[in-house]
Number of protein chains: 2
Amino acid sequence: MSKGACGHEGEAAGLAGRALDAALSEAGVRVAAADERLTDSRRRVLELLLEAGGPVKAYDLIAAYGQGGAKPPTVYRALEFLERLGFAHRLESLNAYVACPRSGEVHAAAFLICQCCGATAEIEPEVSAGVEVAAEAHGFELRGLTLEARGLCGACR
Amino acid sequence: MSKGACGHEGEAAGLAGRALDAALSEAGVRVAAADERLTDSRRRVLELLLEAGGPVKAYDLIAAYGQGGAKPPTVYRALEFLERLGFAHRLESLNAYVACPRSGEVHAAAFLICQCCGATAEIEPEVSAGVEVAAEAHGFELRGLTLEARGLCGACR
DNA sequence: GAGTCCCTTGTTACGGTATAACGTTTTGGG
DNA sequence: CCCAAAACGTTATACCGTAACAAGGGACTC
């Protein structure tokens with residue numbers, strides 16, 4: 001089964017209108033608190049991610065950017081910034097990016113990814129706390145963690 | 001700190017000689033048991049992965065394949081096969097592939113990846129068993145799992 | 001206000017990653 | 001032998017991401 005095969009793919013609900021404005025303005029505050037700048041391109045990419053409400057490919061962001069689109073480095077730089085500050089995550093197994101529902105708080109990411117409709121759910125990283133024990137046992141200093149589970153969401157089962 | 005910065009990058013010890021032959025012949029047995037075929041290209045790619053003893057990029061496999069190299073689809077098909085049967089894993093965060101030390105037994109993969117020397121250690125997937133609970137709570141049917149931890153291995157600390 | 005620094009951006013071009021689509025060959029079973 | 005399924009070879013192309021360098025712009029000092 002591949003993505004889009006089951007007819008549920010339209011379900012991801014992104015932000016719009018007032019909720020979107022509020023999220024962006026909230027982001028502006030937290031960026032300022034971190035002594036960084038939420039520039040136009042960074043704000044625009046975050047806006048696109050929030051509107052999408054789910055994983056988005058980098059080149060879709062590039063195409064949707066507006067004014068005829070943006071050049072790749074513009075979007076990739078913005079994504080790097082958003083990841084660094086915890087506003088977005090990269091989904092390694094999809095080559096896609098997603099806005100973080102716990103925006104602004106830097107944390108490890110863990111996801112459930114529906115193979116059918118493409119929806120994602122971010123879950124609590126504590127579920128993988130056992131990794132710390134394993135890392136310790138190997139003399140390994142843990143710095144970051146990616147956990148991506150594939151399967152079927154409730155709607156697609 | 002980026003890969004290769006600390007001078008430990010040569011440590012991954014791959015298989016060679018008799019051990020390599022033994023591993024390949026063992027693989028042949030398990031492939032046959034699964035009612036599949038270990039063809040020349042599949043065998044060659046597995047051999048390259050085992051020799052490397054660590055993550056290898058697809059295009060390095062293509063270049064190293066021999067006889068002037070192979071075409072991309074040849075190697076990607078072999079990798080897909082090896083993954084399907086549990087002889088190799090894809091490291092999503094590195095765009096690389098690695099032979100599986102528990103070859104032939106299909107299982108979830110979990111890795112510690114050294115950001116300095118590039119070495120990887122495969123750890124037991126039980127460390128992430130809590131994901132099953134989270135998936136259940138979301139009504140999510142779990143089918144596969146990727147866990148990749150980044151940090152520093154003992155030698156590089 | 002001129003100089004300077006650093007961060008951010010714009011732009012071009014390129015390299016690495018992976019797959020589509022096709023026809024051909026091999027394999028194993030009837 | 002003949003057929004169907006699996007595997008392969010080949011060409012071409014699409015997708016993903018970054019290198020490199022020039023230029024803008026705000027904050028700070030002198």
Side-chain angles (χ1 to χ4, degrees), chain A residues 2-4 27-28 31-32 34-49 52 55-85 87-98 118 146 148, chain B residues 2-4 27-28 31-49 55-85 87-98 118 146 148:
Chain A
S2 63
K3 177 182 172 185
V31 168
D35 229 6
E36 300 269 5
R37 284 184 289 154
L38 187 61
T39 60
D40 287 350
S41 60
R42 292 166 178 179
R43 184 184 174 91
R44 178 62 181 140
V45 170
L46 178 56
E47 184 179 18
L48 289 170
L49 289 176
V56 191
K57 300 277 207 170
Y59 273 61
D60 290 340
L61 293 172
I62 289 168
Y65 187 92
Q67 305 285 95
K71 304 284 171 57
T74 299
V75 168
Y76 281 105
R77 284 166 180 160
L79 288 169
E80 180 191 22
F81 171 85
L82 294 172
E83 278 198 84
R84 182 158 54 82
L85 269 72
F87 291 101
H89 297 292
R90 172 177 161 77
L91 296 176
E92 302 285 354
S93 59
L94 299 180
N95 288 349
Y97 303 83
V98 63
T146 296
E148 298 177 17
Chain B
S2 63
K3 176 183 173 185
V31 167
D35 228 3
E36 298 268 6
R37 285 184 287 153
L38 188 60
T39 60
D40 287 349
S41 60
R42 292 167 176 177
R43 183 184 174 90
R44 177 63 180 141
V45 170
L46 178 55
E47 182 179 18
L48 289 169
L49 288 175
V56 190
K57 301 278 208 169
Y59 272 63
D60 290 341
L61 293 172
I62 288 167
Y65 188 91
Q67 304 285 94
K71 304 285 171 54
T74 298
V75 168
Y76 280 106
R77 286 166 179 159
L79 287 170
E80 181 190 21
F81 171 85
L82 295 172
E83 278 198 83
R84 184 157 53 80
L85 269 70
F87 290 102
H89 297 292
R90 172 176 162 79
L91 297 176
E92 302 285 354
S93 58
L94 299 180
N95 288 348
Y97 303 83
V98 64
T146 296
E148 299 178 17

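A, B, ... follow the sequence lines: proteins, then strands. Residue 1 opens every chain.
Rounded to an integer number of Å, the gap from CG of B:D40 to P of D:dC8 is 8 Å. At whole-Å resolution of the value, NZ in A:K71 and C1' in C:dT8 are 16 Å apart. In this entry the distance linking CG of A:L79 with P of C:dT9 reads 12 Å, nearest Å. Protein atom CZ of B:F81 is 15 Å distant from nucleotide atom C1' of D:dA5, rounded to whole Å. The separation between A:L94 atom CG and D:dG17 atom C1' is 17 Å, rounded to whole Å. Between A:E92 atom CD and C:dA18 atom P the separation is 12 Å, expressed in whole Å. For A:E36 and D:dG26, the CD to P distance is 17 Å, given to the nearest whole Å. Following rounding to the nearest Å, A:E80 (CD) and C:dC7 (P) show an atom-to-atom distance of 13 Å.
When heavy atoms are screened at a 4.0 angstrom cut-off, B:Y97 is found touching the sugar-phosphate backbone but no base atom.
Here CG of B:L85 is found 11.0 Å from CD of B:E80. Values are rounded to the nearest 0.5 Å. Taking CD from A:E47 and OH from A:Y65, the interatomic distance works out to 10.0 Å, rounded to the nearest 0.5 Å.
Where A:P73 and B:R42 meet DNA chain D, the nucleotide closest to each residue was compared, and B:R42 sits on the side nearer the 5' end. Taking for each of B:R77 and B:N95 the nucleotide of DNA chain D with the nearest heavy atom, the 5'-most of the two is the partner of B:R77.
Using a distance-only test at 3.5 Å, with no hydrogens or angles considered, no donor-acceptor pair links the side chain of B:E148 to the main chain of B:L91. Of the possible donor and acceptor atoms, none in the side chain of B:K71 sits under 3.5 Å from a partner among the backbone N and O of B:I62.
Residue B:E36 qualifies as enclosed at atom CD: its count of foreign heavy atoms under 6.0 Å is above 12.
Here B:T39 reaches the OP1 or OP2 of D:dC8: one of its side-chain N or O atoms lies under 4.0 Å away. Contact between the side-chain N/O atoms of B:S41 and the OP1/OP2 oxygens of D:dC8 is found at a separation under 4.0 Å. Taking 4.0 angstrom as the limit, A:K57 places a side-chain polar atom (N or O) nearer than this to OP1 or OP2 of D:dC16. Side-chain nitrogen and oxygen atoms of B:Y76 include at least one within less than 4.0 Å of the OP1 or OP2 phosphate oxygen of C:dA18.
The side chain of A:Y59 lies closest to D:dG17 when the candidates are D:dT11, D:dG17, C:dT9. Checked against C:dA18, C:dG10, D:dT11, the side chain of A:T74 finds its nearest nucleotide in C:dG10.
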